[in-house]
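None of these values were measured; they are calculated from a predicted model.
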Amino acid sequence: MSVELKRRRTGLAYNEKLTKHFSLWNPDFTEIPKRIEKPYERCQQYQLLERCEPVQSRNATQEEMELLHSKNHIKILKSSTTMTEEELKELSQKSDYIYFHNDSYGSACLALGTSIQLVDDIIEQKVRNGFAIIRPPGHHASRDQFNGYCYFNNAAVAAQNALIKHHMKRILIVDWDVHHGQGTQRFFYDDPRVLYFSIHRYEHGHEWPNLRESDYDYIGRGEGQGYNINVPLNVCGCTNSDYLFIFFNILLPIAYQFDPELIIVSAGFDCALGCPEGEMEVTPACFAHFINLLSPLAGGKLALLLEGGYNLDSLSESVALSVKALLGDVCPVINPTGKPKDSVIESVLNVIKVLRLKWSCLQYQPLLNPGQSSIKTLLPSVSNLNSIFQSPNEENYPLIQECFDTSPDAEEKFGENIARLNTIIQTMKLRKIKYKLAIACNDSQGGRPKHEDIYDKLKENDFWDPCYMFLGGNSCERELTNIVDRVFKDEAQSAITLVSKSGEDEESSITDINSISIFTIIKYCKQQYDTNRILIVDWTDGSSCCKNKERFYDKESILYISLNWSKDVNQGASCSCKTVEKNGFNINIHWKTGDIENGDLIAAFYQLVLPIAYEFSPDLVIISASFNQVNKKEVEYSPSAPCYGHVLQLLRGLADGRLIMAIECDSNSEIISECVVSFSVIQTVR
Ligand code: Q9C
Ligand code: ZN
């Protein structure tokens, strides 16, 4: 196997020594050794271990600990190694939600070193991305403070190490643990090189760690202003819809504009369905979608470090599905998304309100008037502040601190969530597919690249992946039904077919031919596979919307979104198509040639295509594409080929990865290879 192929593997870090640390006086205390054993076991059951590259677990060096922690802090932790139980108890009571054990130092040291190692391996391209199944967690630890089961801040130190040792300039830390990572926030509050983004349960300050600084208006300071983003969740029960809403509206646009070189995820699964700490309802499969959405960024350099997660079943399932997503497996289908909660909308609008001056990608949002009734700034009144927020100098905590809400309402909801979780886990259907991509190349049809051309191009660029499947066909129609069969019979995740202009027929435009192919595909899918909902995304040139309108108009089972290029600059304005017709099942975005660049395409996807597609929840996505406008001299601006690769990667999260792409080609094997490469951004499916 070539080095290039090897470097595209996913790293997995685990060490059973990390199970040694536990609470002596309350062995069932939430942060228990099983929290890493069970997820690792689940990965094994899904046969993921053999597909990953083991990452060396190692202890952090003194120097590494000192990157962000004080000598005194390290000394105290080290001294706990030889303490008696009485001494351990005494020390534990000085910190909030912390217990000390003789192995706490050893475990914390190993968890930290392993985090650094994983991030190093990703930066040095030894692995493409990776997951560290570690404990104790880290994001609550600050320079001089043990807090919330955390001793060393794994994510922050790994990021600092990447800044210092690898001279990284832009690192994104995404913290989806249900608690605010106040430790991480404090380290990088003034630093524009590290963008800290956290979604957390806040309840207007009533949720632990009860800090004023966890609210949305803490956006960083000085040079670092705008590089700290808090999305406070003021209600429980937030779902996939709420989280994806936050991803599409804040995280992803800003991440795109920030353009990180590396992404570290403080991956806590206490926001997952069934976790009693978070009382949120993100389903395990949704984490795969988070990863898929982030994966085009930073060249795929994504390091997930385990933080919280206290329901072993939901934690294990979520971790395993995350690792699968890192491996490039298709994302399991999630329920159609719906309207986010009003409270979440309010938080998102508040975040946009304080950040829109800094991040121009947010400026297409309407300017918010603070007096507007829908966007309240619901900070607690001043008289309340002391009773809600923690004072920093508290120094005496009970030895056994309660964790879960035991009110009857919460108990009942908890029971429902567990039942739902169990159903989800038991009925989880995962597509197991040998080939990543079926490519239809019928050499007998003139006017399009032969499969050898594509093959050569891929090899030239070291993108060759043994998971491509080349198909022929005696006729156009046979070829199309063939690729549909491959995709629905789970032989290939996705498929590409090259649609060519037949002969020299001037009357029928290329666009028409593509439409005919799509019709063939749709008809066959409905006949043979009983598909209910098909999403068509069309970015061919010309005004195909006007023609396709008639054809795709009949049924609500087809959602047609076109991002259309008009060859004639004025055509966009004068085209007779309305932007949205037929109850919203036909959506036309008219673009003028030369006006559009990468940011516009990305914005259209985050703002329109993806939210609508996730709500529609198709069982097949058809992409009708042409790339004639890419790389053409006469066009001043146009999205680049890799940018199209990115949006393809985003669409791959839908329909269990069932994507069929019909590309119009005028013999440009270069661009087609580029497309094929975009399906290989992540490593092989085997
Ligand atoms: N519900 C991590 O998840 N419990 N630490 C607060 C209020 C403390 C969490 C109780 C949670 C510490 C890494
Ligand atoms: Zn947490």
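When only modelled atom types and interatomic distance are considered, N230 and Q185 share a side-chain donor-acceptor pair under 3.5 Å. If you check the side chains of K89 and Y99, you find no donor sitting under 3.5 Å from an acceptor. Using modelled atom types and a 3.5 Å distance limit, the side chains of N129 and T10 yield a donor-acceptor pair. Donor-acceptor pairing under 3.5 Å is lacking for the side chains of T239 and E281. N350 and E346 share no side-chain donor-acceptor pair at under 3.5 Å. Checking N153 against H139 by side-chain atom types alone, no donor-acceptor pair falls below 3.5 Å. No hydrogens or angles considered: a donor-acceptor pair under 3.5 Å links the side chains of D175 and Y196. Checking Y149 against T30 by side-chain atom types alone, a donor-acceptor pair falls below 3.5 Å. Using a 3.5 Å distance cut-off with no hydrogens or angles, the side chains of S70 and N72 do not pair a donor with an acceptor. Between the side chains of Q363 and R356, no donor-acceptor pair is found at a separation under 3.5 Å. Side-chain atoms of N161 and E64 include no donor-acceptor pair closer than 3.5 Å. Donor-acceptor pairing under 3.5 Å is recorded for the side chains of Q182 and N147. Counting only N and O atoms by type, the side chains of E37 and Y14 include no donor and acceptor under 3.5 Å apart.
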Trace of the side-chain contact (heavy atoms from CB on, under 4.5 Å) decision for V231 with S198: CA-CA 6 Å; V231 186; S198 174; over 6 Å; no
#### Entry: Q62 vs I74, side-chain contact (heavy atoms from CB on, under 4.5 Å): CA-CA, chis, key distance, verdict
CA-CA 9 Å; Q62 178 75 18; I74 301 163; 3.9 Å; yes
Could you walk me through whether S107 and H21 pass side-chain hydrogen bond (donor to acceptor under 3.5 Å, both in side chains), step by step?
-> CA-CA 6 Å; S107 296; H21 146 91; 5.2 Å; no
Practice prompt. Output, in order, the C-alpha distance, side-chain angles, deciding distance and verdict of side-chain hydrogen bond (donor to acceptor under 3.5 Å, both in side chains) for D177 and H200.
Written response: CA-CA 7 Å; D177 183 285; H200 47 267; over 6 Å; no
Before you tell me yes or no, could you show the steps for E277 and C403 under side-chain contact (heavy atoms from CB on, under 4.5 Å), namely the whole-Å CA-CA distance, both residues' side-chain angles and the distance that decides it to 0.1 Å?
CA-CA 7 Å; E277 267 280 357; C403 271; 3.3 Å; yes
Under the criterion side-chain contact (heavy atoms from CB on, under 4.5 Å), I'd like the reasoning laid out for L349 against I345: C-alpha separation, chi angles, the key distance, then a yes or no. CA-CA 6 Å; L349 292 176; I345 296 174; 3.9 Å; yes
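I229 has its side chain out of reach of I219: every pair of non-hydrogen atoms, C-beta onward, lies at least 4.5 Å apart. Using a 4.5 Å heavy-atom cutoff, the side chains of I36 and V319 are not in contact. For the pair S360/Q257, a side-chain contact is recorded, criterion being any heavy-atom separation below 4.5 Å from C-beta on. For the pair H646/Y256, a side-chain contact is recorded, criterion being any heavy-atom separation below 4.5 Å from C-beta on. The closest side-chain heavy-atom distance from P33 to R135 is below 4.5 Å. Taking the side chain as every heavy atom from C-beta outward, L293 and L244 approach each other to under 4.5 Å. Side-chain contact between C275 and F269: absent, with no pair of heavy atoms (C-beta onward) separated by less than 4.5 Å. Looking only at side-chain heavy atoms (C-beta outward), L355 and Y216 stay at 4.5 Å or farther from each other.
Ring pair H69/H73 is parallel by interplanar angle, where below 30° counts as parallel and above 60° as perpendicular. Using cut-offs of 30° and 60° on the angle between ring planes, the pair W208 and H140 is perpendicular. The aromatic rings of F152 and Y105 stand perpendicular to each other, their planes meeting at an angle above 60°, with 30° marking the opposite boundary.
A salt bridge links D217 to R212: one of the charged nitrogens lies within less than 4.0 Å of a carboxylate oxygen. Ion pairing between E213 and R186 holds under the 4.0 Å rule for side-chain N and carboxylate O. One finds a salt bridge joining K71 and E66 here, because a Lys/Arg side-chain nitrogen approaches an Asp/Glu carboxylate oxygen to under 4.0 Å. Taking the charged nitrogens against the carboxylate oxygens, R51 and D329 do have a contact shorter than 4.0 Å, which makes a salt bridge.
The two residues S142 and G183 make their nearest non-hydrogen contact at CB-CA, 4.1 Å. Considering all non-hydrogen atoms of both residues, A141 and C150 come closest at N-CB, 3.6 Å. Shown here for S92 and L399, the closest heavy-atom pair between the two residues is CB-CD1, 4.3 Å. Summarising the geometry of L304 relative to L118, their closest heavy-atom pair is O-CD2, 4.0 Å, with the distance given to 0.1 Å.
More than 12 heavy atoms of other residues, nucleotides or ligands sit less than 6.0 Å from atom CD of E50. Within 6.0 Å of CD on E223 lie no more than 12 heavy atoms contributed by other residues, nucleotides or ligands. Within 6.0 Å of the CD atom in E85, the count of heavy atoms belonging to other residues, nucleotides or ligands exceeds 12. More than 12 heavy atoms of other residues, nucleotides or ligands lie within 6.0 Å of CD in E124, so this atom counts as buried by the packing criterion.
Between D96 atom CG and N210 atom CG the span is 8.5 Å, to the nearest 0.5 Å. Distance CG/L77 to CG/L91: 8.5 Å, rounded to 0.5 Å. Taking CG of N234 as the start and NE2 of H206 as the end, the distance is 9.5 Å to the nearest 0.5 Å. Separating the OG atom in S80 from the NE2 atom in H101 is a distance of 10.0 Å, to the nearest 0.5 Å. From W176, atom CH2 reaches atom CD of E307 across 11.5 Å, with rounding to the nearest 0.5 Å. Separation of atoms CD (E31) and CD1 (I98) is listed at 9.0 Å; rounding is to 0.5 Å.
The salt bridge (charged side-chain N to carboxylate O under 4.0 Å, His left out) check on D120 picks up K165, with sequence neighbours excluded. Shown here are the salt bridge (charged side-chain N to carboxylate O under 4.0 Å, His left out) partners of E87, two or more places apart in sequence or in another chain: there are none. H289 pairs by the ring-ring contact (aromatic ring centres under 6.0 Å, His included) definition with Y614, not counting sequence neighbours. Remark: Q45 pairs with R42 by the side chain to side chain donor-acceptor pair (under 3.5 Å) rule, at least two apart or across chains. When the side-chain contact (heavy atoms from CB on, under 4.5 Å) test is applied to Q44, the partners found at least two apart in sequence or on another chain are L49. In terms of the side chain to side chain donor-acceptor pair (under 3.5 Å) criterion, K20 has no residue partners (sequence neighbours excluded).
Aromatic ring centres of Y310 and F404 lie farther apart than the 6.0 Å criterion allows. Aromatic rings of Y227 and F188 (six-membered ring for Trp) have centroids beyond the 6.0 Å cut-off, not under it.
Side-chain atoms of R58 do not come within 3.5 Å of backbone N or O of L110 as any donor-acceptor pair.
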